[in-house]
Structure formats: structure tokens, C-alpha cells
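Structure, as C-alpha cells:
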Amino acid sequence: MSDYKKIKEEAIQALREAKSVERAEELRVVYLGRKGVITTALRALAEKSIEEKRSDGPELNAFRKELEDRIKERKKELSFKGVANFDLTMPGKKLKRGSLHPLSIVEKEIVAIFKSMNFSVAEGPEAESEYYNFDALNIPENHPAREMWDTFWLESSQKISDNNFKSSNKKVEKFLMRTHTSPVQIRFMKENKPPFQIVVPGRVFRYEATDMSHEINFHQIEGLSIGRSINLANLKFIIEEFFNRFFGKKLEFRFRPSYFPFVEPGVEVDIKMPGGEKWLEVMGAGMVHKNVLKAVKIDEREWQGFAFGMGVERLAMLKYKIPDIRMFYAGDLRFIRQF
Ligand code: PHE
């Protein structure tokens, strides 16, 4: 019906122009209130003929429903203060980007230097068997050298399944949290034919009291180079080249005779910073012991090589002047974000 159409257009127009929730409510009363335009028209319909009821009824009802919705919607729009108060020219909030932990950064630096010297990267498990962590590294049971590594032993009653212990009289294989990355030397040499040179980054565990320079877990990087004529001079060159590049300085070096059951001869490497006074102990190293080569069935008359092991935390502390190893594990973002 044309007069309804006009009313509808007027109502929609008025609603569009309404500038407040109050005005929208006024319009609701005018059209939909008890005495409102549409309410009245609907009531009047009762008096009308069947035909008129049939044609106008649905139209009026649809109109009423539509207007109800539009008023509700408009009220919502008008009561929404957000956009009016929002300053689009304001700078955005800076999102904090995650970053690598300083230990990851230093580990990557160390590995990158060795990769550039033609070492590849190998890894091994943190929970290790006694065989790989000790026996195969020429550290038999009850040997006093085991005391060099305070060990977290794991509970286990696993029966010995492989032939690692064929020669021993053990019945149950014992497991532990590896005390060093050296067991990966054994794992790698069993699986690969020499020549090769690898570095092995990884986490190690020691059953020790913690203090400024000791943690119950820390990280090591193991090195292993096996070839037909690898000698101590090669070890010295690689180590000196590595430390000079890692610290970006020409350092002084000292190779002190030392003892590790899996190398012979064994050395401890000390460095001195240019202009520095103190010698700093930075790694253990040596020529791979023939008993180790025998354990992995590499012919020790044909092959020889060197191995070394260093602590990642210790190097990070020296390079970035970090006073306490526990800072790496305290989870304090003020520390972490400085790197
Ligand atoms: N695995 C030894 C340690 O943790 C370090 C080392 C590695 C020494 C390789 C010599 C050769 O104390």
C-alpha cells in the first residue's frame, strides 16, 4: 500500500538522521509505541474487510518487524563510543619479538666456526647408557676416573640386549643422564667409516652443588677428527684458530698435560686475553685413545685422531662478561633481552 510505503520511508529517514539513543527511542514510541503509527494501523485493520486484512496485514507486520530491528541496530551504533574516542594517528603498540637464548646464540657461533673448517654436526641422546657414557670411553666400572663425573643415575632394569656387554658379566644395563658429550663420539664412530670430523653440541648433566660456576646441567661442544695422519699439531692449529675467531682477538695459548681416560696424550687448553694476566682454562682435549678406537672397531694402526670438549656456558661467560652461570637458567627477561 502506497501510504504505508511513505510512512516507512519517513521512519527510516528519521532514524538515519537520529543523532542520539534518546532520539531513536522517541521514534520507537512514535511508530511502535502503544499509540504509535504502526500499532494504530494494525489495530484499525481489525475493522477492515477480509481482502484488506489479507493484503495489508503481512505488509504491516513485516514493516513493524523491520523497523524494530532497524531501531535496535541504530541504538547500538549510537551508543558505541569507541570509534569517536579512537585516535587513528596514535602510534601502534610495539610487539616484543622473541629472540634466541644467549646460549643458543653462542652455540650457533661456535658451530659455525667449526663448520667453516669442514666439521659436520652430530647429536646424541641426553639419557644415555653406562656403556656409551663410560665403558666404551675406556672408563671401566669401579675405575676411580668415574669420580671425575658426578652422575645422575636413572632407575632401570632393562636387560642387556645388544652385544656391548658380551665380554662383561653385567646382567642389567644401567642408564644415566650423560655427564659429557663424549658418548656421541662412540655412537658416531660405530655408524660411520673414517675419515670424518664432527662437532657435537648438547646438554650434559652433573650431580653437583650449584654455585657461580657450576650448574646441574650445562652445555658442551665435543669435537672429533679421525684420519690417517691426524696428529697433535692439527689439534693445536684447529683449537687456536677456533678461539682466535670466537673471541675476535689474537690470544695466547697453553697446552698443559692432563688426564682423560679416553685420550692419550691428554691436554688441558688455557687461553690468555691480550693484555690479560690470568690463564683461563677452556677445554679438555687429546689424541683419541687406542682402546676407544678398538671399542668401535676402527683399526687403530690405520686411523688416529683428536678429540676435544668445551663448555658453552664458560665461553659465553668469558665472551660476554657474565659473572654467574645461574643467570642462564633463571629465566629473567632483563638478562635474556640483552643479547
Ligand atoms: N668429556 C670431557 C669432560 O667432559 C672433555 C673432553 C672431551 C676431554 C674430549 C678430552 C677429549 O670433562
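Atoms within each ligand, like the ligands themselves, are counted from 1 in listed order. All residue numbers in this chain count up from 1 along the given sequence.
- By the criterion of a heavy-atom distance under 4.0 Å, neither the backbone nor the side chain of Met283 is placed next to ligand 1.
- Distance from atom 2 (C) of ligand 1 to its nearest protein heavy atom, with residue and atom name: Phe262 CZ, 3.8 Å.
- The residues Glu17 and Arg23 are annotated as not salt-bridged, no charged nitrogen and carboxylate oxygen being separated by less than 4.0 angstrom.
- At a 4.0 Å heavy-atom cut-off, ligand 1 touches Gln220 through the side chain alone.
- A salt bridge links Glu128 with Arg187; the closest basic N to acidic carboxylate O contact falls under 4.0 Å.
- Note on residues 35-63: no pairs pass ring pair (Phe, Tyr, Trp, His ring centres under 6.0 Å), not counting sequence neighbours.
- Close contacts of ligand 1 with Glu222, meaning ligand atoms under 4.0 Å from a residue heavy atom, involve 7 (C), 9 (C).
- With respect to Lys75 and Glu25, a salt bridge is recorded, a charged nitrogen being found less than 4.0 Å from a carboxylate O.
- Paired with His289 under the rule side chain to side chain contact (heavy atoms under 4.5 Å, CB included), one option of Asn138, Leu137, Val263 passes, and it is Asn138.
- Between Lys5 and Glu9 there is no salt bridge, since none of the side-chain N atoms of the basic residue sits less than 4.0 Å from a carboxylate O of the acidic one.
- Every residue was checked against the side-chain hydrogen bond (donor to acceptor under 3.5 Å, both in side chains) condition with Tyr207, not counting sequence neighbours, and none meets it.
- Ligand 1 places these atoms under 4.0 Å from at least one heavy atom of Gly309: 6 (C), 7 (C), 9 (C).
- Residue contacts with ligand 1: Gln185 is placed with no nitrogen or oxygen under 3.5 Å of a nitrogen or oxygen of the ligand (distance criterion only).
- Within ligand 1, counting atoms from 1 as listed, the ones closer than 4.0 Å to a heavy atom of Ala307 are 9 (C), 11 (C).
- Between Arg206 and ligand 1 there is a heavy-atom distance shorter than 4.0 Å.
- In Arg178, neither the side chain nor the backbone holds a heavy atom less than 4.0 Å from any atom of ligand 1.
- Closest to atom 12 (O) of ligand 1, if we only count protein heavy atoms, is Trp149 NE1, 3.5 Å.
- Relative orientation of the His219 and Tyr329 rings is parallel, given thresholds of 30° and 60° on the angle between their planes.
- Set against the non-hydrogen atoms of Ser182, the atoms of ligand 1 under 4.0 Å away are 1 (N), 7 (C).
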